[in-house]
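Given the structure is predicted, the values throughout are model-derived calculations rather than measurements. Both backbone and side-chain heavy atoms feed into the values below; hydrogens, waters and symmetry mates do not.
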Amino acid sequence: MTIETLTPHPEGARYSVRSLGSSDYVHLRRLETEIWSGDGAGELCPHYLRLCTELYRDWCFLAFDGERPVGYVLNFVAGTTVYCATLAVHPEYQKGRVNYLLIRATVSKLLNENVEECRFLVEPGNDDARSVHNALGARVVEEVKDFYGPGDTRLWSAITRKDLERVRARYTRLKLVS
């Protein structure tokens, strides 16, 4: 799956999003360093990233500005539940279209698969991410203390098949109007 924007980037490149491939491991590692090196939680385990490129590549997406990888979303499947564990965008591209395109790729995949629930992992204070999840119909279903370490709290917000069908109806209406 590849998703491209209709509007070119100001410098002329176009954003695109596609599923991961095995060779994207190197891109994920570089982005990890660029995005998380100053963060208290730190970088993800390299083995975790390799699992994404080998076992969950159809569920994980990488965003590009032209040829440059600028963000990713990592999703994992367990039965009919999908776990959206990480969405990360390079600091130069945050608060822009890249976040939207990565969520759009995930939602498109969810709509086309036999999924009963999708859970999003998020920090309680990440209002931008939580507002996107809320727009999809997500509700907080669990608060987990000490998730990545002592004092680290994360929330699991969930959308159900019913929520996804409402998103599908909205998406279909928008496509017909435009």
Side-chain angles (χ1 to χ4, degrees), residues 1-5 14-94 96-123 126 128-130 132-133 136 138 141-142 144 146-149 152-159 161 164 167:
M1 169 194 312
T2 300
I3 297 176
E4 293 189 6
T5 63
R14 291 171 53 101
Y15 294 121
S16 62
V17 173
R18 65 164 172 75
S19 301
L20 289 182
S22 186
S23 64
D24 290 322
Y25 176 76
V26 71
H27 297 311
L28 292 177
R29 289 298 309 269
R30 183 183 55 75
L31 282 168
E32 280 287 297
T33 301
E34 293 174 359
I35 295 169
W36 302 111
S37 61
D39 184 73
E43 298 174 43
L44 297 173
C45 170
H47 306 294
Y48 173 84
L49 298 175
R50 181 52 84 185
L51 287 173
C52 295
T53 62
E54 301 307 318
L55 301 178
Y56 297 98
R57 70 177 81 189
D58 292 338
W59 283 94
C60 299
F61 301 96
L62 189 59
F64 292 85
D65 178 4
E67 298 294 317
R68 179 185 180 190
V70 296
Y72 59 86
V73 61
L74 306 178
N75 301 302
F76 303 93
V77 182
T80 59
T81 300
V82 174
Y83 295 89
C84 182
T86 308
L87 187 149
V89 175
H90 191 281
E92 293 173 20
Y93 292 86
Q94 291 175 1
R97 191 135 179 92
V98 175
N99 290 321
Y100 165 77
L101 290 171
L102 288 165
I103 286 291
R104 182 176 156 199
T106 297
V107 169
S108 180
K109 180 74 172 170
L110 293 169
L111 287 170
N112 290 308
E113 298 292 335
N114 182 28
V115 172
E116 292 300 319
E117 178 182 60
C118 179
R119 288 185 169 215
F120 300 95
L121 184 66
V122 65
E123 293 175 276
N126 188 339
D128 290 339
R130 293 188 67 199
V132 170
H133 302 160
L136 295 171
V141 295
E142 186 178 1
V144 184
D146 302 326
F147 191 84
Y148 286 118
D152 182 61
T153 300
R154 300 293 162 145
L155 303 174
W156 281 112
S157 295
I159 57 175
R161 170 53 62 192
L164 287 169
V167 169

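Residues passing the salt bridge (Lys or Arg N to Asp or Glu O under 4.0 Å) test with Arg119, sequence neighbours excluded: Glu117, Glu142. When the side-chain contact (heavy atoms from CB on, under 4.5 Å) test is applied to Glu34, the partners found at least two apart in sequence or on another chain are Arg30, Leu31, Arg68, His90. Checked against ring pair (Phe, Tyr, Trp, His ring centres under 6.0 Å), Trp156 has the following partners two or more places apart in sequence or in another chain: Tyr83. Listed by chain and residue number, nothing satisfies the side-chain hydrogen bond (donor to acceptor under 3.5 Å, both in side chains) test with Tyr100 (two or more places apart in sequence, or in another chain). With sequence neighbours excluded, the residues that form a side-chain contact (heavy atoms from CB on, under 4.5 Å) with Arg161 are Val115, Glu116, Leu164, Glu165, Arg168. Remark: Ser23 pairs with no residue by the side-chain contact (heavy atoms from CB on, under 4.5 Å) rule, at least two apart or across chains. For Phe64, there are no ring pair (Phe, Tyr, Trp, His ring centres under 6.0 Å) partners at least two apart in sequence or on another chain. Remark: Asp58 pairs with Lys109 by the side-chain contact (heavy atoms from CB on, under 4.5 Å) rule, at least two apart or across chains. With sequence neighbours left out, Asn99 forms a side-chain hydrogen bond (donor to acceptor under 3.5 Å, both in side chains) with no residue at all.
In this structure, the side chain of Arg57 does not engage the main chain of Leu51 through any donor-acceptor pair within 3.5 Å.
Contact record, Gly71 with Leu62: O-CD1, 3.3 Å, taken as the closest heavy-atom pair. Between Trp59 and Asn75, the shortest heavy-atom distance links the atoms O-ND2, 2.7 Å. Closest heavy-atom contact between Leu102 and Ala88: CD1-O, 4.3 Å.
Looking at Phe120 and Val132, their side chains never come closer than 4.5 Å, going by heavy atoms from C-beta outward. Proximity of Leu121 to Val144: side-chain heavy atoms (C-beta onward) are nowhere separated by under 4.5 Å.
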Candidate pair Gln94 and Asp128, rule side-chain contact (heavy atoms from CB on, under 4.5 Å), full reasoning: CA-CA 10 Å; Gln94 291 175 1; Asp128 290 339; over 6 Å; no
Could you walk me through whether Asp65 and Val98 satisfy the side-chain contact (heavy atoms from CB on, under 4.5 Å) test, starting with their C-alpha distance in whole Å, then the side-chain angles of each, then the deciding distance to 0.1 Å, before giving a yes or no? CA-CA 9 Å; Asp65 178 4; Val98 175; over 6 Å; no
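Rounded to the nearest 0.5 angstrom, Tyr72 OH and Leu87 CG are separated by 9.0 Å. To the nearest 0.5 Å, the span separating CG on Asp146 from CZ on Arg154 amounts to 11.5 Å. Note that CZ of Phe76 and SG of Cys60 are 5.5 Å apart. Values are rounded to the nearest 0.5 Å. The line from CG of Leu49 to CG of Asp24 is 11.5 Å long, rounded to the nearest 0.5 Å. A distance of 9.0 Å separates CD1 of Ile159 from SG of Cys84, quoted to the nearest 0.5 Å. Interatomic distance, Phe61 CZ to Ile103 CD1, rounded to the nearest 0.5 Å: 10.5 Å.
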